[in-house]
*Asks:* 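The structure's right below; bear with me while I get my questions together.
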Amino acid sequence: MYTQARRQKGVTLDVWPGFVDALATLLIVLIFALMIFVVSQIYLSDALQGSKRGLESLQAKLQEIANLLQIEQKKNADLTSSHNTTLQKLSQLQSIKTQQETDFSQKLSTSEKRTLDAETLLAALQQQVEALNKQLQALNASLQASEATATQQKLTIEDLDKKLAAALAKKVEELEKYRSEFFGKLKDLLANRSDIRIVGDRFVFQSEVLFPSASATLGKEGEQKLKQLAQTLKEISAKMPAELKWVLRVDGHTDKNPIHTDKFESNWELSAARAISVIKFLVKEGIPADHLAAAGFGEFHPIEKGASDERNRRIELKLDQR
């Protein structure tokens with residue numbers, strides 16, 4: 001009986017190593033399975049991250065398409081139906097996104113769908129480019145037509161300028177002819193006096209011929225000279241064509257000596273008052289007022305540099321165009 005117990009005990013000791021080996025093997029298998037599970041989880045996580053990035057890129061592309069569709073909708077109300085179709089596609093793609101988050105096997109079909117949308121977008125952009133090219137061609141044609149019109153108008157303007165210049169030259173020539181006749185007759189009438197002379201295109205009276213000192217009231221001799229001038233001007237103007245717009249300008253000038261009286265605060269007032277007195281007298285003698293103009297220059301426009309006060313005190317007459 002003792003021997004049998006010993007045998008049983010020996011048998012128990014012989015089974016334990018095998019049991020330990022079995023447990024170790026099972027543990028290794030479990031660890032291996034756990035490693036496979038962990039690796040699978042890492043792989044699936046990477047795959048899901050890649051899918052997520054793909055979905056984000058796809059979402060950005062879809063947003064871009066939506067923006068383009070919105071712009072086109074503002075340009076043309078007829079594209080409303082196309083916009084609605086795109087919104088439906090967006091909803092479908094959102095569903096695909098949800099499926100991709102739970103099933104990685106949908107990645108390939110999603111990529112194909114994204115490629116198809118990109119091709120659709122590219123085709124739409126190509127159509128827009130073609131439309132823009134057509135508009136550009138139309139604009140170029142319009143620009144060429146405008147340039148041709150502008151060239152013709154430029155030629156017309158140049159022709160008009162030439163005609164206008166010729167007409168002005170003719171008017172100036174006519175006026176110069178009458179001015180020469182006018183000044184010539186005045187010179188003969190005034191007996192070539194030294195205090196009445198022609199300077200360039202102006203007939204110059206020394207102030208003393210017409211006015212007393214510091215006065216704008218015409219003297220008797222001045223009135224007599226201006227009557228002769230008015231008579232000559234009426235004879236000459238009667239020969240002038242009606243379309244010749246002439247004007248006799250009367251300019252008053254003083255010397256540089258200042259003046260300050262109750263009537264004339266400065267040489268400005270004195271020179272202007274003298275010119276106006278001449279104008280009023282000529283109007284009284286029958287010269288139309290619309291052919292006369294008066295101006296006062298004070299002492300600021302001497303007849304020449306270094307001229308004496310006597311020469312600078314003057315009334316200038318100039319037959320000119322309006």
*Asks:* Side-chain atoms of residues 132-142: list all donor-acceptor pairs with protein atoms under 3.5 Å, sequence neighbours left out, distances to 0.1 Å.
*Replies:*
from: Asn133; atom 1: ND2; to: Val129; atom 2: O; distance (Å): 3.3
from: Asn140; atom 1: ND2; to: Leu136; atom 2: O; distance (Å): 3.3

*Asks:* One thing to verify: whether Asp320 and Arg249 come together as a salt bridge, which I'm taking to mean a side-chain N less than 4.0 angstrom from a carboxylate O.
*Replies:*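 Looking at Arg249 and Asp320, the cut-off is not met.
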*Asks:* With the 4.5 Å side-chain cut-off for hydrophobic clustering, are Phe264 and Ile315 part of the same group?
*Replies:*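 Cluster IDs for Phe264 and Ile315 differ.
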*Asks:* Restricting to pairs with a member in residues 301-322, which pass ring pair (Phe, Tyr, Trp, His ring centres under 6.0 Å), not counting sequence neighbours?
*Replies:*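 Sorted pair list: Phe297-His301.
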*Asks:* Identify, with sequence neighbours excluded, every residue that meets salt bridge (Lys or Arg N to Asp or Glu O under 4.0 Å) alongside Glu130.
*Replies:*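 Applying salt bridge (Lys or Arg N to Asp or Glu O under 4.0 Å) to Glu130 gives none.
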*Asks:* First locate atom CD1 of Ile279, then atom CD1 of Ile287, and finally report the distance between them rounded to the nearest 0.5 Å.
*Replies:* 10.0 Å
*Asks:* Considering residues at least two apart in sequence or located in another chain, which fulfil the side-chain hydrogen bond (donor to acceptor under 3.5 Å, both in side chains) criterion with Glu310?
*Replies:*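 Here no residue qualifies.
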*Asks:* Are Leu317 and Val209 grouped together when hydrophobic residues (ILVMFWY) are joined by side-chain heavy atoms under 4.5 angstrom apart?
*Replies:*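 Yes, because Leu317 and Val209 connect within a single hydrophobic cluster, where side-chain heavy atoms sit under 4.5 Å apart.
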*Asks:* How about Val38 and Met35: do any of their side-chain heavy atoms sit closer than 4.5 Å?
*Replies:*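 Val38 vs Met35: side chains apart.
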*Asks:* Strictly by salt bridge (Lys or Arg N to Asp or Glu O under 4.0 Å), give each pair with a member in residues 267-292 just once, sequence neighbours left out.
*Replies:*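 For residues 267-292: none.
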*Asks:* Is it the case that more than 12 heavy atoms not belonging to Lys234 sit under 6.0 Å from its NZ atom?
*Replies:*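 Enclosed: over 12 neighbouring heavy atoms sit under 6.0 Å from NZ of Lys234.
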*Asks:* Testing Val29, Ile28, Leu27 for side chain to side chain contact (heavy atoms under 4.5 Å, CB included) with Ile31, which one passes?
*Replies:*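 Filter result, single survivor: Leu27.
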*Asks:* To the nearest 0.5 Å, what is the distance between CD1 (Ile259) and OG1 (Thr254)?
*Replies:* 8.5 Å
*Asks:* Just checking Glu223: does its CD atom have more than 12 heavy atoms from other residues, nucleotides or ligands closer to it than 6.0 angstrom?
*Replies:* yes
*Asks:* Measure across Ala295 and Ala275 and return the closest heavy-atom pair with its distance rounded to 0.1 Å.
*Replies:*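 Taking Ala295 first and Ala275 second, the nearest heavy atoms are O-CB, 3.5 Å.
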*Asks:* Using side-chain heavy atoms (C-beta onward) and a distance below 4.5 Å, is Ile236 in contact with Trp246?
*Replies:* no
*Asks:* With sequence neighbours left out, what residues match Asn312 under side-chain hydrogen bond (donor to acceptor under 3.5 Å, both in side chains)?
*Replies:* none
*Asks:* Taking only Lys NZ, Arg NE, NH1 and NH2, and the carboxylate oxygens of Asp or Glu, determine whether Glu316 and Arg314 approach each other closer than 4.0 Å.
*Replies:* yes
*Asks:* For the backbone of Ser266 and the side chain of His260, can you confirm whether one donor and one acceptor N or O come within less than 3.5 Å of each other?
*Replies:* no
*Asks:* Given side-chain contact (heavy atoms from CB on, under 4.5 Å), test Phe211 with Val278 step by step and report yes or no.
*Replies:* CA-CA 10 Å; Phe211 301 99; Val278 172; 3.9 Å; yes
*Asks:* Would you say Leu233 ends up clustered with Leu218 if hydrophobic residues are merged whenever their side chains have heavy atoms under 4.5 Å apart, either directly or through other cluster members?
*Replies:* yes
*Asks:* Nearest 0.5 angstrom please: Glu119 CD to Gln126 CD, how far?
*Replies:* 10.5 Å
*Asks:* Is there side-chain contact between His291 and Lys245, with at least one heavy-atom pair below 4.5 Å?
*Replies:* no
*Asks:* How long is the span from the CZ atom in Phe37 to the CZ atom in Phe32, to the nearest 0.5 Å?
*Replies:*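 So the CZ of Phe37 and the CZ of Phe32 are separated by 14.5 Å.
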*Asks:* Could you check whether any side-chain N or O of Ser277 sits under 3.5 Å from a backbone N or O of Ala216, counting only pairs where one atom can act as donor and the other as acceptor?
*Replies:* yes
*Asks:* Given side chains that start at C-beta, do those of Val247 and Leu292 come closer than 4.5 Å, heavy atoms only?
*Replies:*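 Side-chain contact under 4.5 Å: no.
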*Asks:* For the pair Lys256 and Asp309, find out whether any cationic side-chain nitrogen is under 4.0 Å from an anionic carboxylate oxygen.
*Replies:* yes
*Asks:* Begin with the C-alpha distance, continue with both residues' side-chain angles, and end with the deciding distance and a verdict on side-chain contact (heavy atoms from CB on, under 4.5 Å) for Glu299 and Asp255.
*Replies:* CA-CA 5 Å; Glu299 70 271 24; Asp255 56 30; 5.9 Å; no
*Asks:* Hydrophobic clustering (ILVMFWY, side-chain heavy atoms < 4.5 Å, transitive) - are Ile303 and Phe300 grouped together?
*Replies:* no
*Asks:* Could you tell me if the side chain of Asp251 sits less than 4.5 Å from the side chain of Lys318, heavy atoms only?
*Replies:* no
*Asks:* Between Val20 and Leu23, is there shared hydrophobic-cluster membership here, with clusters defined by ILVMFWY side-chain heavy atoms closer than 4.5 Å?
*Replies:* yes
*Asks:* Find the distance between OG1 (Thr261) and CG (Leu270) and round it off to the nearest 0.5 Å.
*Replies:*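 Answer rounded to 0.5 Å: 8.0 Å.
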*Asks:* Measure the spacing between CG of Leu34 and CD of Gln41 and express it to the nearest 0.5 Å.
*Replies:*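 If I round to the nearest 0.5 Å, the distance is 10.5 Å.
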